[in-house]
Amino acid sequence: MQLKAPRGTYDILPPDSSKWQYIEGILKETAETFGYREIRTPIFEHTELFERGVGTSTDIVTKEMYTFKDKSLRSLTLRPENTASCARALIEHSIYSGIMPAKWYYIGPMFRYDRPQTGRYRQFHQFGVEAFGSNSPYLDAEVVILLIEVLKRLGLKEYELHINSVGCMQCRDVYRQKLIKHITPVKDMLCPDCQTRYQQNPLRVLDCKEKSCHQAIVNYPTLFQHLCSDCARHYDMVKEALQANSIDYRHDDNLVRGLDYYTNTAFEIHIPGIGAQSAVGGGGRYNGLVEDCGGPDLPGIGFAMGIERLLLAVNTLAAKELESGNSDVFIAIMNDDYELQAVELLTCLRRENIRAEKDYMGRSGRAQMKYADKLGAKMAIIIGDDEIQQGYFTLRDMQSKEQVQIDKDEIIESVKDRLAKFRGGNG
RNA sequence: GUGGGUGUAGCUCAGGUGGCUAGAGCACCAGAUUGUGGCUCUGGGGGCCGUGGGUUCAAGUCCCAUCACCCACCCCA
């Protein structure tokens, strides 16, 4: 049997890789503009970090982790997300004793054992930001604004921002009891999934898609109505800040994010038309996380975006062609005696940062020109008997077919001049 | 983990009810044009027909299993 990439993984080949570079560039640039610096954490961590940080009741921890034992029988896990690692790094390096807030962004692969489908892979890529050490609602807003700014810079105009507040540990607990009281009399009418959700995390029953479940729990108390005064005020201030930035959002009572560490603000971005997995980004506040991971009682907020899903959305726009792979100059030799001259000139051009190419397949002169054309070379340098005997190179403009003889000592300068004109001319 | 769909050349796909050396377009390579690209023409290389088993004189075609991909559930980014 032929070896293939493991299920749910895939290769990113040229020319697609340049799309990735383009998107990653925008993500990094935007984050840096907002004052976030890059953090790179290990791809695997102690399994315990995710159990504590993500939460043992979540699907991620109970059935989606790639966990293995190393040769010393340590239990390690390929990171399913990066927030817990950031909290760990914050604690491990005592970052909290420095300037606060600590603002980080990351970009890289994550791993979850899930059934693959459109926009969902076992190795997938996330961009995310985390800000530790401040409970300011305006920081919540900053993070959301950053998320929206990324979409804008990518040219994505159709998206829905949903936000909610899941309260603090105290008001959420009060609410949870009320909700259980409301659901218990009708629990037999719930779908099988909700029967178990009701046991583990009754809040999840709220965003079940089954109509019968909605009908069963109709007029349920909302979390929004049960926020304590601090949490309600915090939520109001976040919304005010978003309004001040003309960012449209929709309060969504049913938005209950899956990870255990969320408190207060929770948000999600959906883009229609990219399949069932339409959440391109989501996040929120996680004021209990750092302490849960063994650090001080420090608040935090952040989000993560799925790059594969962003790419799906960008592709539906038929985004402008990125012609980064094209060569500037192709060196064609009309006689294989001149290989060495070609090799030498090639290096000289490249040292001037000119994208230069030559043939390595023993092609005929004609085939070399065809190859140059496929590479998208703007010009060709032709080396034949006449050129060598008389000490010049023939420089051909591939578009106009115009050819000139250039003294071999002036070829580099001449190529540079012409390239500058190409770039200026095409805007 | 559950359900549905699909696996034939690098890619997109043809191959009624089983029957000679498995086809096309595109791509790739070469030649026409031995010192010159895009168009055209000619030729060429490429296939364990996803894999394993079964039925049959005979399987790309029928049956079973398995794997992979796609779509959806679930969950999430």
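Given the structure is predicted, the values throughout are model-derived calculations rather than measurements. Residue numbers begin at 1 in each chain, while the letters A, B, ... track the order of the sequences.
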**Request:** Find out whether A/L90 and A/W104 are in side-chain contact, i.e. whether some heavy atom of one side chain is under 4.5 Å from a heavy atom of the other.
**Result:**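 The answer is yes, as the side chains (C-beta and beyond) meet within the 4.5 Å cut-off.
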**Asked** Should stems be defined as at least three consecutive Watson-Crick or G-U pairs with both distances under 3.5 angstrom, which of them involve RNA chain B?
**Response**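 Output for stems: B:1-7 with B:67-73, B:10-13 with B:23-26, B:28-32 with B:40-44, B:50-54 with B:62-66.
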In this structure, how many angstroms lie between the [atom2] atom of [N] and the [atom1] atom of [X], rounded?
| X | N | atom1 | atom2 | value |
| --- | --- | --- | --- | --- |
| A/R7 | B/U66 | CZ | C1' | 13 Å |
| A/L27 | B/A77 | CG | C1' | 13 Å |
| A/F330 | B/G38 | CZ | C1' | 15 Å |
| A/M379 | B/G38 | CE | P | 20 Å |
| A/D114 | B/G1 | CG | C1' | 10 Å |
| A/E308 | B/C70 | CD | P | 12 Å |
| A/R79 | B/C76 | CZ | C1' | 17 Å |
| A/Y10 | B/C70 | OH | C1' | 16 Å |

Looking across every strand, which nucleic acid part, if any, lies under 4.0 Å from [X] by heavy atom: base, sugar-phosphate, or nothing?
| X | answer |
| --- | --- |
| A/D385 | base |
| A/A372 | nothing |
| A/G275 | sugar-phosphate |
| A/Y121 | base |

**Asked** Would you say the side chain of A/E64 and the base of B/C76 hold a donor-acceptor pair, judged only by whether the two atoms sit under 3.5 Å apart?
**Response**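 Checked by distance alone, the answer is no.
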**Asked** Taking N and O atoms by type only, does the side chain of A/Q368 place a donor or acceptor under 3.5 Å from a partner on the base of B/U36?
**Response**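 Under the 3.5 Å cut-off, the side chain and the base do not form any donor-acceptor pair.
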**Prompt:** Any sub-3.5 Å donor-acceptor pair from A/D11's side-chain atoms to A/L13's backbone N or O?
**Reply:**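 Judged by distance alone, no pair lies under 3.5 Å.
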**Request:** Verify, without hydrogens or angle tests, whether A/R122 (side chain) and A/T9 (backbone) share a donor-acceptor contact under 3.5 angstrom.
**Result:**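 No: the side chain of A/R122 does not pair with the backbone of A/T9.
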Whole-angstrom distance between [N] and [M], as gauged at atom [atom1]:
| N | M | atom1 | result |
| --- | --- | --- | --- |
| B/U36 | B/A22 | P | 40 Å |
| B/A72 | B/C64 | P | 27 Å |
| B/U51 | B/G60 | C1' | 14 Å |
| B/A9 | B/U42 | P | 25 Å |
| B/G46 | B/A24 | P | 15 Å |
| B/G25 | B/C63 | C1' | 34 Å |
| B/C62 | B/G1 | P | 29 Å |
| B/U12 | B/C57 | P | 38 Å |

**Asked** Between A/Y66 and A/F111, what is the ring plane arrangement, given parallel below 30°, perpendicular above 60°, and tilted in between?
**Response**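 If you compare the ring of A/Y66 with that of A/F111, the planes turn out perpendicular.
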**Any A/R120 side-chain N or O less than 4.0 Å from OP1/OP2 of B/C75** =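 For A/R120, the contact criterion (side-chain N or O under 4.0 Å from OP1 or OP2 of B/C75) is not met.
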**Prompt:** Any side-chain N or O of A/Q117 under 4.0 Å from OP1/OP2 of B/A72?
**Reply:**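 Answer yes for this pair, as a side-chain N or O of A/Q117 is under 4.0 Å from OP1 or OP2.
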**Asked** If you pin A/A276 and A/E81 to their nearest nucleotides in RNA chain B, which one's is more 5'?
**Response**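 Residue closer to the 5' terminus by nearest nucleotide: A/A276.
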**Prompt:** Of A/D397 and A/G281, whose closest RNA chain B nucleotide lies nearer the 5' terminus?
**Reply:**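 Residue closer to the 5' terminus by nearest nucleotide: A/D397.
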So, [X] versus [Y]: side-chain donor-acceptor pair below 3.5 Å or not?
| X | Y | answer |
| --- | --- | --- |
| A/Y249 | A/Q243 | yes |
| A/N254 | A/Y220 | yes |
| A/S85 | A/E45 | yes |

Looking only at the side chain of [X] (C-beta and beyond, no hydrogens), which of the listed nucleotides [options] gets closest?
| X | options | answer |
| --- | --- | --- |
| A/M369 | B/C75, B/G1, B/U36 | B/U36 |
| A/F124 | B/G35, B/A77, B/C69 | B/A77 |
| A/R309 | B/C76, B/U36, B/G3 | B/C76 |
| A/I382 | B/G35, B/A68, B/A77 | B/G35 |

**Request:** Taking side chain to side chain contact (heavy atoms under 4.5 Å, CB included) as the test, write out the residues that go with A/A84, two or more places apart.
**Result:**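 Partners of A/A84 under the side chain to side chain contact (heavy atoms under 4.5 Å, CB included) test: A/L49, A/F50, A/E81.
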**Request:** Go through the structure and list residues passing side chain to side chain contact (heavy atoms under 4.5 Å, CB included) with A/D407, not counting sequence neighbours.
**Result:**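 Scan of A/D407 (side chain to side chain contact (heavy atoms under 4.5 Å, CB included), adjacent residues dropped) gives A/D409, A/E410.
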Ion pair check, [X] and [Y], cut-off under 4.0 Å:
| X | Y | answer |
| --- | --- | --- |
| A/K416 | A/E413 | yes |
| A/E142 | A/K103 | yes |
| A/K28 | A/E32 | no |

**Prompt:** Can you name the residues that form a salt bridge (charged side-chain N to carboxylate O under 4.0 Å, His left out) with A/E357, not counting sequence neighbours?
**Reply:**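 Testing A/E357 for salt bridge (charged side-chain N to carboxylate O under 4.0 Å, His left out), a comparison that skips the adjacent residues, returns A/R350.
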**Request:** Could you walk me through whether A/Y286 and A/D292 pass the side chain to side chain contact (heavy atoms under 4.5 Å, CB included) test, one step at a time?
**Result:** CA-CA 10 Å; A/Y286 40 81; A/D292 288 348; over 6 Å; no
**Request:** For each nucleotide in nucleotides 26-33 of chain B, reading 5' to 3', give B when a protein heavy atom comes within less than 4.0 Å of its base, S when such contact involves only the sugar-phosphate, and - otherwise.
**Result:** --SSSBBB
If you restrict it to nitrogen or oxygen atoms, what contacts under 3.5 Å exist between nucleotides 8-12 of chain B and the protein, and what is each distance?
none

